[in-house]
2 protein chains.
Amino acid sequence: MANIQEVAKEAGVSVATVSRVMNGGAVTPKTKGKVEEVIRRLKYEPSMLGRNLRNSESRLLLVLIPTISNPYYSDIINGIENAVIPQGYNILLCETDSNPERENIYFDMVRKKMADGIISMDPTVNMEELKILAEDHPIIQCSEYSVESGIPFVTIDNEEAAYRAVSHLVNIGSTDIAMINSDVTFLYARQRQLGYQRALEENGIPFDEEDVYYTNGPSFEHGQQAMRKMLTGHKEYSAVFAVSDLLAIGALKEAHQLGLRVPEDIAIAGFDKIAFSNMTNPALTTIAQPMYDMGTTSAQMLIDKINGRPVESTMMSHELIIRESTIG
Amino acid sequence: MANIQEVAKEAGVSVATVSRVMNGGAVTPKTKGKVEEVIRRLKYEPSMLGRNLRNSESRLLLVLIPTISNPYYSDIINGIENAVIPQGYNILLCETDSNPERENIYFDMVRKKMADGIISMDPTVNMEELKILAEDHPIIQCSEYSVESGIPFVTIDNEEAAYRAVSHLVNIGSTDIAMINSDVTFLYARQRQLGYQRALEENGIPFDEEDVYYTNGPSFEHGQQAMRKMLTGHKEYSAVFAVSDLLAIGALKEAHQLGLRVPEDIAIAGFDKIAFSNMTNPALTTIAQPMYDMGTTSAQMLIDKINGRPVESTMMSHELIIRESTIG
DNA sequence: TCCTGTTTTGTAATCGATTACATTTCCAAT
DNA sequence: ATTGGAAATGTAATCGATTACAAAACAGGA
């Protein structure tokens, strides 16, 4: 409740001395002791608002995600938090709901100095706006990105990862492999589809656009819908590659509902290795992204950028996790 | 980049007039137009830091959760966000990891005026500290709470909800009903156990402490462990009531793994109605808490408290959701 | 004792806004 | 033209810290 003035007066010193005691400036042990006693007695806590105004920084970083309920983000966020907190920063988790208005609120926070920078993980972000904002403010893209924006990013090789997943499906004997893809306006969706296509063609399986089932969104229900469409269609498949675990889990549920056994009747592979991919029955084969590391890396890049240090985009490694949904 | 001084000078008016244009004070249309032109031209954005220092508020609210990866919290957080944003507040999602050090960082933010108040949903929170903090700062407890703390809370009737869930298990013909409970240091765990006990006793089934399987944590894996212990024990059960969906999903997976069919061999009921409870096979019977409403309610209570308005603790309604895991 | 150089402490400007109060401007009524 | 009162505008204090610079205190050497 007390402020620095009251502490100074009570201790019989100047505010500068109190500030020095707080921040480790040169002070006589005697004065230091006296001031510290008063600080304790008055329960003085320096206001961040004053300090931040003076230093014109907020030590707050924004993390943009479309929705908090997609577990894809949780490990990345964990990584970010553990990287920034020791450096005296905090993160503000910003759910945009893919709503430009929401997005603008958060962009405004940066413009108005309430936040020092942004890590964007939102594939639906308004790239035009983001690019403009990046001219004056530190911004990093994590996971979903645009190269042309010129904004540094952290990602994995989506094309190669999808290639490996689909190659694995071929290796277990599947030849009729469908794909469940989300909206190809997203870069990751295009890249993963390229990997799917390359894996088929390299194995002598012709790629057919008809085998790609597009969804209207990234959620469980969309996966169910896609699977229903696929299984009630005229073509039979022995394996499905879904572009995300959430879609794959939806597909899995729908396959069960329609009386199919996984992997015996149809194998299913996902992407992301979210926590729940291990909880389904059968457990899901998937691609592990180094979520936590992607978080810490992008966080460090952002802090570097804030402090004017040079920053390079990073491509991180991935791993194919083979589990029950693709082996008997 | 520009500040209010530069705008004032460029427009040939005083800073007060610029401030009035920004905040809707009395200004001549002519001056207003002139100032607005300069604001646009210089791309002036008022700094929140200056404003907040002057008003000694940050318009930031802290939401304390143990971990972001527990989907239990997502809808509540959604509710909070949608309630606070229209009122000009933002939330800082604070993952404590049940780590007192982390917790203290966030408590400090409130003490140091970087945040205006706290909604605590962390069952592992240090109640002593929270109570002390609540003497000087606005705090609301959501979902998990302590009555003695005197801090206002939002909750459901856990005892009654558990009673209904277990009664349902009795109604479908189960007599040997186990419980998977987390740590009884948590109030909700004690309350739900009381409901379980009452449901048994009212139906003439003796309560046996042996039938309660305690876990060391709230996650999927803990549910698996508990189920394994239960199914490899000497007693046979026809139904299980788990104190949370995450534990129930773990139990479900383990039951499958050990070759049991759900619900034919053993019925399983959860608690919370997290999004994933619908994605499992079979879908999980569970208790729906009005998550979203709990979020908006606690948010409004916190804002009321911040503004010095009186605040009352609230008990919200719940609903039993019967799904595949308890009916054939 | 006096001087010099170092260390400690204090004074006051600064960050960027808001706002109470003072002053000026404007217009209508006399 | 003068005056009064309302409306517009300006001046300067304020919020709570940090910090450059000035001033004072102190210690050691001549």
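Since this is a predicted model, take the numbers as computed values, not measurements. Here is how names work: the chains are called A, B, and so on, in the same order as the sequence lines, proteins then strands, and each is numbered from 1.
Look at A/Ser14 and you won't find any side-chain N or O under 4.0 angstrom from OP1 or OP2 of C/dT9. One finds a side-chain N or O of A/Thr17 lying less than 4.0 angstrom from the OP1 or OP2 phosphate oxygen of C/dG10. Within the 4.0 Å cut-off from OP1 or OP2 of D/dT18, at least one side-chain nitrogen or oxygen of A/Arg51 is found. Residue B/Ser47 places no side-chain N or O under 4.0 Å from the OP1 or OP2 atom of C/dG16. Taking side-chain N and O atoms only, B/Ser56 has no distance below 4.0 Å to OP1 or OP2 of D/dG16. A close approach under 4.0 Å does occur between a side-chain nitrogen or oxygen of B/Thr31 and OP1 or OP2 of D/dT9. Distances shorter than 4.0 Å separate some side-chain N or O of B/Asn23 from OP1 or OP2 on C/dT18. In terms of phosphate contacts, A/Thr28 brings no side-chain nitrogen or oxygen within less than 4.0 Å of OP1 or OP2 of C/dT7.
When each of C/dA20, D/dG16, D/dT18 is scored by its nearest atom to the side-chain atoms of A/Leu53, the top-ranked nucleotide is D/dG16.
Projected onto DNA chain D by closest heavy-atom contact, B/Arg54 and B/Ala16 fall at different nucleotides, the more 5' of which corresponds to B/Ala16. Both B/Arg20 and B/Pro46 lie close to DNA chain C; mapped to their nearest nucleotides by heavy-atom distance, the more 5′-ward contact belongs to B/Pro46. Residues B/Lys32 and B/Asn55 each lie close to DNA chain D; by heavy-atom proximity, the contact nearer the 5' end of the strand is made by B/Lys32.
With rounding to whole Å, A/Lys30 atom NZ is found 18 Å from C/dT7 atom P. B/Glu45 places its CD atom 14 Å from the C1' atom of C/dA17, with the value rounded to the nearest Å. Remark: C1' of D/dT9 and CD1 of B/Ile4 are 14 Å apart, rounded to the nearest angstrom. As a whole-Å value, the separation of A/Lys113 NZ from C/dG16 C1' is 9 Å. Atoms CE (B/Met114) and C1' (D/dG16) sit 14 Å apart, rounded to a whole Å. Rounded to a whole Å, the CD atom of A/Glu6 is 10 Å from the P atom of D/dC15. Rounded to whole Å, atom C1' of C/dT9 lies 19 Å from atom NZ of A/Lys9. Between A/Gln5 atom CD and D/dA17 atom C1' the separation is 8 Å, expressed in whole Å.
Taking 4.0 Å as the cut-off between side-chain N and carboxylate O, A/Glu10 and A/Arg41 count as a salt-bridged pair. Taking 4.0 Å as the cut-off between side-chain N and carboxylate O, A/Arg102 and B/Glu81 count as a salt-bridged pair. Comment: B/Glu129 engages B/Arg111 in a salt bridge, judged by a side-chain N to carboxylate O separation of less than 4.0 angstrom.
Residue contacts for A/Leu49: at a heavy-atom cut-off of 4.0 Å it reaches no nucleic acid atom on any strand shown. Within the nucleic acid shown, B/Val13 comes within 4.0 Å of sugar-phosphate atoms alone, with no base atom in reach, counting heavy atoms only.
Between B/Thr314 and B/Thr155, every side-chain heavy-atom pair lies at or beyond the 4.5 Å cut-off.
Side-chain N or O atoms of B/Asp97 include none that pairs as donor or acceptor with a backbone N or O of B/Asn99 at under 3.5 Å.
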Step by step, would you call B/Asp183 with B/Thr185 a side-chain hydrogen bond (donor to acceptor under 3.5 Å, both in side chains)? CA-CA 5 Å; B/Asp183 198 321; B/Thr185 54; 3.0 Å; yes

